[in-house]
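Single-structure report; data block below.
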Amino acid sequence: MYRIGIDVGGTNTDAIILDERHQLIHAVKSPTSLDIKTGIESSLRQLLQEAKIDKAQITHAMLGTTQCTNAIVERKKLAKVGVIRLGYPATASVPPYTAWPKDMVDILSGSYSLVQGGYEYDGQLLGEVDEEEIKALLDKWRNHVESIAVIGVFSSIKNDQELLVRDLIQEEYGEAFPVSCSSLIGSVGLIERENATILNAALCKVIAATTSGFIHALEEEGIKSAQVYLCQNDGTLMSIDYAKQFPILTIACGPTNSIRGASYLAQIKDTMVLDVGGTTSDIGVLQDGFPRESSVAVEVGDIRTNFRMPDIISVGLGGGSIVRVSDSGAITVGPDSVGYRIGEEALVFGGNTLTTTDIAVRLGLAEVGDKSLVSHLEEDFALAVQAQIAAIIEQAIDKMKTSSEDIQLVLVGGGSIIIPDQIRGVARMIKTENGNVANAIGASIAQISGQYEQIYIYSREPRESSLKDAEEKAVKQAVLAGAVSETIELVEVEETPLAYHPENATRLRVKVVGKMK
Amino acid sequence: MRYLDKTAIENISIGAAFLGTGGGGDPYIGKLMAISAIEQNGPVRLYSVDEIADEDFFIPTAMMGAPSVSSEKFPNGSEFVKVFQKLSRYLGKDNIAGTYPMEAGGVNSMIPIVVAAQLGLPLVDCDGMGRAFPELQMVTFNLDGVPATPMAITDEKGNIGIFETIDNKWTERLGRAATVEMGASALVSLYPTTGAQMKTSGVHGIVTLSERIGEIIASKNRDAKDKLEELLQLVSGYELFQGKIVDVIRETKGGFNLGRMNLEGIEGHKGGNMDVHFQNENLVAEKDGRVVAMTPDLICLVDFETLSPITTESLKYGKRVRVIGLPAHEKWRTAKGIETAGPKYFGYDYEYVPLEKLVNKAVADHV
């Protein structure tokens, strides 16, 4: 039994094979192609040719991809979306798409309607859904929209109206028509949740092409019976069907895969991870084996959203970062980099640009390229550059810390040779074998999760039974995503009491994780 | 007189959220409402208090209720004008000369801009708190005996009512009950005020001050320390602490969010510790076990790097912040002011000591 993991990064596409004991059998790294698809195909081919394993023994294939992120940033291949907001007459003061970049609104067609519906903060009815109103709207939109986003006021308390509207849409437009319900995507905060839901709806064509492309590439290589998964940004996997419903959850899965892979390689569940690439470094925190989530509204392609995202700090420092000395003698490192041209441009490879890798070689931290090409650099100068590198990392680490205690740091990524052994604030630095493909390893060892969030009123439904209810619903989500129900365990509970509420209302969020089928 | 454009509004929303001392809601929704109102109706005129006539009448409009509700169920947009006109008709005054904000805060600094834009009325550079407070009687007009009622109250569904109460604490009590029934967020117009009363009892220049604060915070490519220095000079404030939030304890009691956060010192305050107590707004700050700032003085939390204001709703483990103390408006430092919104009113057993004294005492002890 083998499993294959592929991670498509900005610079490289990594592919690996693990055996049933999660031992790394083989890994390949190749440049990410412009169309991504070709890069996946060629790295898969190379991997299988070199590994020489029995393809029939491959049971699982996982893909971590940046395609959805790129589609939003580049405004490409996005679907025309119709937005139905249930809540009129409330919420009309800020219509959908307010504060969106105009080019994005044009691409998505900008169609929206505020209709009756929604709930109050305590679950009482704000408005009833008028089926005729919805049907009239669908008549108008027929053949004009390719995907619909449904957002109900306080749908995080009750989402039956959103589901009712989804059923109406699929009655009218067919079962296969993509509908995104906000209650399944974001948390409380209507505008941010609506934005995330619209983006999710817009990604339906991208995710369909990505998943069918991946399955096709596997079949081309003779892998026909493997179960196929996509990586989510919380370090867990989703089935193809689930991914088609929630493509937005693939956004930022790359850094998550790296820190999960690092945790696996170092065999540590709670730690900070530094992943050094060619141009940037990502710092994340693992809590019980999973990445800590960001607590602030995150902008995706200039659009404010509130769906879950890993708490990652990126700094402009990598193995290809350019080192400069100003006229006054001040040393700067990055944020620009020679990127994938490092093999031609860095001094140790015979090029003309002084990079962080050259400094590492000069100081004997790494043995790449031709050492003699950097022997002219003064040792004091190289140490001064290294101090700059350490300072950048120290500052970023300090931002991620939650206490003043020194932390342990797992170091991964192709550019990690540039990081000095001593960093202030770090008690223990762990370098792992195979750390350069930590992201693909993270992709292939991920588990399946389920999440549920609702406002509970503890004076009516006691805390214990509220927790139980939320957990049951989260388990249902996990099973839907492909988890084996017996293996599911609770990994996260978050409780937030709501201001001014007379009856002790609390927003409760739980997350469960289980092994995949 | 001058005009408020989009940039001015963005800056006001940031500055008002800063003066909101953790309360007053997320400025995001408020800003979006105000910007779409001026996009439809054109820029709003802002008058200073000196430019208004003593005998003219002004009415503020504000949102009442839970900030966490208004981030999900926000207004229709027509209620602001409706509640404003309901009150003006009830008062029998057809020509209300303008409107003004009741408090500084992310949402309530913005609603009067929407009303001003929709009705073509001017906004007056004055409010009734100079910061944000949770209750309707915590207003400088109340300190001078101006009645809060008649008050008009409405919701997005179209329910509308008028209260006439025996005193301003009753306005809070009855208004709160109605607000909860209306879905924990309502729109109110109250404290109808003459120009003369605004001159005597209002906090002057608050819109301009908010804007100036917002400008400093939003300015790009500047060192946080430079920005902070300019900000502290502008508001006569003190940086009380630099820390990381290491614990947040919350409980819901009597319809309020009560809580306490613990900060561990960073950078210049390494080794130190601070507790900040809040009830929607930040109310008491204790450094190493000793009170260094208390209500009605302002305790503002801002992001360590960007200086963006942080609301108590979004407090979270691991956030790096600066705690800034600002002296309250002199009206709050009177006996009546302290009785209305001092530490004792909020249940803290402290005698009010002005911020400057506490800070100087701490410095003196240190030396």
Side-chain angles (χ1 to χ4, degrees), chain A residues 87-95 98-99 114 118-122 124-127 152-157 187-193 285 292-297 304 306 311 395 398-405 455 458-459 494-507, chain B residues 23 26 28-29 31-33 35-37 65-69 71-80 114 134 155-158 176 179-180 182-185 244-246 250-259 264-267 270-271 279-280 304-305 312-320:
Chain A
Y88 193 82
T91 75
S93 56
V94 184
T98 303
L114 304 190
Y119 288 99
E120 298 282 7
Y121 70 102
D122 57 357
Q124 290 190 58
L125 206 61
L126 175 64
V153 171
F154 278 114
S155 60
S156 47
I157 293 181
S187 51
V188 175
L190 188 86
I191 291 290
E192 291 89 346
R193 185 173 76 249
V285 175
R292 184 169 81 198
E293 254 174 54
S294 172
S295 60
V296 294
R304 185 164 143 140
N306 68 354
D311 189 5
Q395 212 185 12
D398 196 44
K399 279 187 192 170
M400 295 296 279
K401 282 162 77 166
T402 51
S403 86
S404 57
E405 311 260 298
I455 294 172
Y458 286 171
S459 60
E494 200 181 286
E495 289 177 275
T496 319
L498 300 186
Y500 292 101
H501 194 283
E503 287 187 284
N504 215 1
T506 298
R507 184 155 73 231
Chain B
D26 184 344
Y28 187 64
I29 287 282
K31 183 181 90 177
L32 292 184
M33 289 192 295
I35 287 174
S36 56
S68 51
V69 168
S71 75
E72 182 71 22
K73 186 194 73 170
F74 38 89
N76 167 275
S78 62
E79 308 91 319
F80 313 129
V114 179
D155 61 19
E156 73 288 336
K157 295 170 272 280
R176 186 72 51 192
T179 298
V180 168
M182 286 173 162
S185 76
K244 175 147 45 183
I245 301 174
V246 291
R250 304 171 197 268
E251 63 173 325
T252 316
K253 216 160 109 184
F256 288 102
N257 236 16
L258 296 169
E264 210 172 70
I266 54 171
E267 310 269 324
K270 231 171 188 136
Q279 178 175 325
N280 298 338
F304 190 81
E305 308 281 342
T312 50
E313 294 266 303
S314 63
L315 293 172
K316 194 129 181 184
Y317 206 80
K319 225 174 186 139
R320 287 157 49 100

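Any value given below was found using the heavy atoms of this structure, including those in side chains, with hydrogens, waters and symmetry copies removed. All of these numbers come straight from a predicted model, not from anything done at the bench. Numbers restart at 1 for each chain; the letters A, B, ... are given by sequence-line order, proteins then strands.
- Contacts between B/I29 and chain A at a heavy-atom distance below 4.5 Å involve backbone atoms as well as side-chain atoms.
- Within 6.0 Å of atom CD in B/E267, more than 12 heavy atoms from other residues, nucleotides or ligands are found, so the atom counts as buried in its surroundings.
- Contact count against chain B (heavy-atom pairs under 4.5 Å) is highest for A/E120 among A/Q124, A/R292, A/E120.
- In this structure, chain A has a heavy atom under 4.5 Å from the side chain of B/E305, while its backbone stays farther away.
- Side-chain atoms of B/K73 never come within 3.5 Å of backbone atoms of A/G87 as a donor-acceptor pair (strictly under, hydrogens ignored).
- Looking at B/E72, its side chain never comes within 3.5 Å of a backbone N or O of A/V188 through a donor-acceptor pair.
- For B/K31, no part lies near chain A; criterion is any non-hydrogen pair under 4.5 Å.
- The shortest side-chain heavy-atom distance between B/K157 and A/L126 falls under the 4.5 Å cut-off.
- Put simply, the side chain of A/S93 never gets that close to the backbone of B/M33: no donor and acceptor are under 3.5 Å apart.
- By number of non-hydrogen pairs under 4.5 angstrom with chain A, the leading residue of B/S36, B/P75, B/G77, B/G183 is B/P75.
- Side-chain contact between B/V180 and A/Y121 is present, with at least one heavy-atom pair separated by less than 4.5 Å.
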